[in-house]
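Notes follow once the structure below has been shown.
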Amino acid sequence: MFNFFNAVSERDAKQMNPVTLAFVGDAVYSLYVREKYVLSADFSAGTLQKLTCGEVSAHGQNALLERVFPQFTEDELAVFKRGRNAKKPTHSKSASLAEYNNSTGLEAVFGYLYLTGQYERLNTLLNEGK
């Protein structure tokens, strides 16, 4: 049986493919942004979609990265660099290569923190984006 919120060890998370960490981090960040807007006002589904698109895009994530990057721990910086430099199976049509690579690195950090159960730290970084 699978248990939601079942943390893995930091050692195991560090051994995961950084693109896999980014895959999880993308979902975590998307859910965070969606929940933030759903709980802030009674928006229509169309408005919610428009509001979230800008934040979860590579361009939007780069803006967040500029604010949180100076706060990264050594471990987070290492995960970010692995994610940023990883060979990815796809590329963005609407973002520069640098933006896409940086957003993948940021998502890898979010995935790492989520999977290792570091929810307080994840929340701290996510709330810096406000």
Side-chain angles (χ1 to χ4, degrees):
M1 181 166 104
F2 175 77
N3 292 317
F4 200 50
F5 298 118
N6 192 19
V8 300
S9 72
E10 289 185 36
R11 184 179 135 274
D12 287 347
K14 287 177 184 176
Q15 292 177 349
M16 287 183 179
N17 182 314
V19 176
T20 301
L21 292 174
F23 175 76
V24 172
D26 176 62
V28 169
Y29 186 57
S30 180
L31 181 59
Y32 168 82
V33 171
R34 289 170 185 238
E35 187 174 325
K36 176 179 74 171
Y37 284 117
V38 164
L39 297 178
S40 69
D42 188 20
F43 295 116
S44 70
T47 301
L48 289 168
Q49 182 63 26
K50 288 176 186 175
L51 289 169
T52 59
C53 280
E55 283 191 56
V56 299
S57 70
H59 184 73
Q61 289 181 19
N62 266 291
L64 173 58
L65 177 63
E66 288 178 13
R67 293 187 294 276
V68 300
F69 186 80
Q71 299 174 39
F72 281 173
T73 65
E74 282 186 39
D75 285 344
E76 293 163 356
L77 183 59
V79 170
F80 169 78
K81 288 179 178 179
R82 286 182 54 227
R84 179 193 63 195
N85 298 333
K87 184 170 181 155
K88 298 153 195 77
T90 61
H91 61 279
S92 175
K93 296 177 185 171
S94 60
S96 70
L97 183 59
E99 283 181 325
Y100 184 67
N101 288 340
N102 284 338
S103 67
T104 303
L106 181 63
E107 290 171 346
V109 171
F110 291 161
Y112 170 79
L113 293 172
Y114 176 80
L115 288 174
T116 57
Q118 297 181 59
Y119 308 124
E120 287 288 329
R121 177 65 179 152
L122 178 60
N123 197 48
T124 296
L125 292 177
L126 289 170
N127 282 306
E128 284 299 316
K130 289 185 176 182

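- Considering all non-hydrogen atoms of both residues, T47 and F43 come closest at CG2-CD2, 3.6 Å.
- Within 6.0 Å of NZ on K14 lie more than 12 heavy atoms contributed by other residues, nucleotides or ligands.
- The aromatic rings of F4 and Y114 sit tilted relative to each other, their planes meeting at an angle between 30° and 60°.
- Within a 6.0 Å radius of OH in Y37, other residues, nucleotides and ligands contribute more than 12 heavy atoms.
- The shortest side-chain heavy-atom distance between F110 and D26 does not fall under the 4.5 Å cut-off.
- Residue E74 places its CD atom among 12 or fewer non-hydrogen atoms of other residues, nucleotides or ligands, all under 6.0 Å distant.
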Working for side-chain contact (heavy atoms from CB on, under 4.5 Å), residues L64 and V68: CA-CA 6 Å; L64 173 58; V68 300; 3.8 Å; yes
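- Classified by interplanar angle (parallel below 30°, tilted 30° to 60°, perpendicular above 60°), the ring pair F80/F72 is tilted.
- Here the CG atom belonging to N17 is positioned 12.5 Å from the NZ atom belonging to K87, to the nearest 0.5 angstrom.
- Both V79 and L77 are part of a single hydrophobic cluster, where members link through side-chain heavy atoms under 4.5 Å apart.
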CA sep, side-chain torsions, deciding dist, call: Y29, L106, side-chain contact (heavy atoms from CB on, under 4.5 Å): CA-CA 10 Å; Y29 186 57; L106 181 63; over 6 Å; no
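- Across every non-hydrogen atom of D12 and S9, the tightest pair is N-OG, 3.0 Å.
- Side-chain contact between Q49 and R34 is present, with heavy atoms from C-beta onward closer than 4.5 Å.
- Counting heavy atoms from C-beta on, the side chains of L48 and V38 come closer than 4.5 Å.
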Check against side-chain contact (heavy atoms from CB on, under 4.5 Å), T104 and Q61: CA-CA 9 Å; T104 303; Q61 289 181 19; over 6 Å; no
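- Listed by chain and residue number, nothing satisfies the salt bridge (charged side-chain N to carboxylate O under 4.0 Å, His left out) test with E99 (two or more places apart in sequence, or in another chain).
- The side-chain heavy atoms of L21 and E107, taken from C-beta on, include no pair separated by under 4.5 Å.
- Looking only at side-chain heavy atoms (C-beta outward), M16 and L115 come within less than 4.5 Å of each other.
- Nearest approach of A86 to V19, heavy atoms of both residues: CB-CG2, 3.8 Å.
- From Q118, atom CD reaches atom OG1 of T124 across 11.0 Å, with rounding to the nearest 0.5 Å.
- Note: L126 CG to E35 CD = 11.0 Å, rounded to the nearest 0.5 Å.
- Under the 3.5 Å distance criterion, with hydrogens and angles disregarded, a donor-acceptor pair is assigned to the side chains of Y32 and N127.
- A58 and S103 make their closest contact through CB-OG, 3.7 Å (heavy atoms, listed as atom of the first residue, atom of the second, distance).
- Residues Y119 and V8 share a single hydrophobic cluster, defined by chaining ILVMFWY side chains whose heavy atoms lie under 4.5 Å apart.
- Between E76 and R121 there is a side-chain heavy-atom pair separated by less than 4.5 Å.
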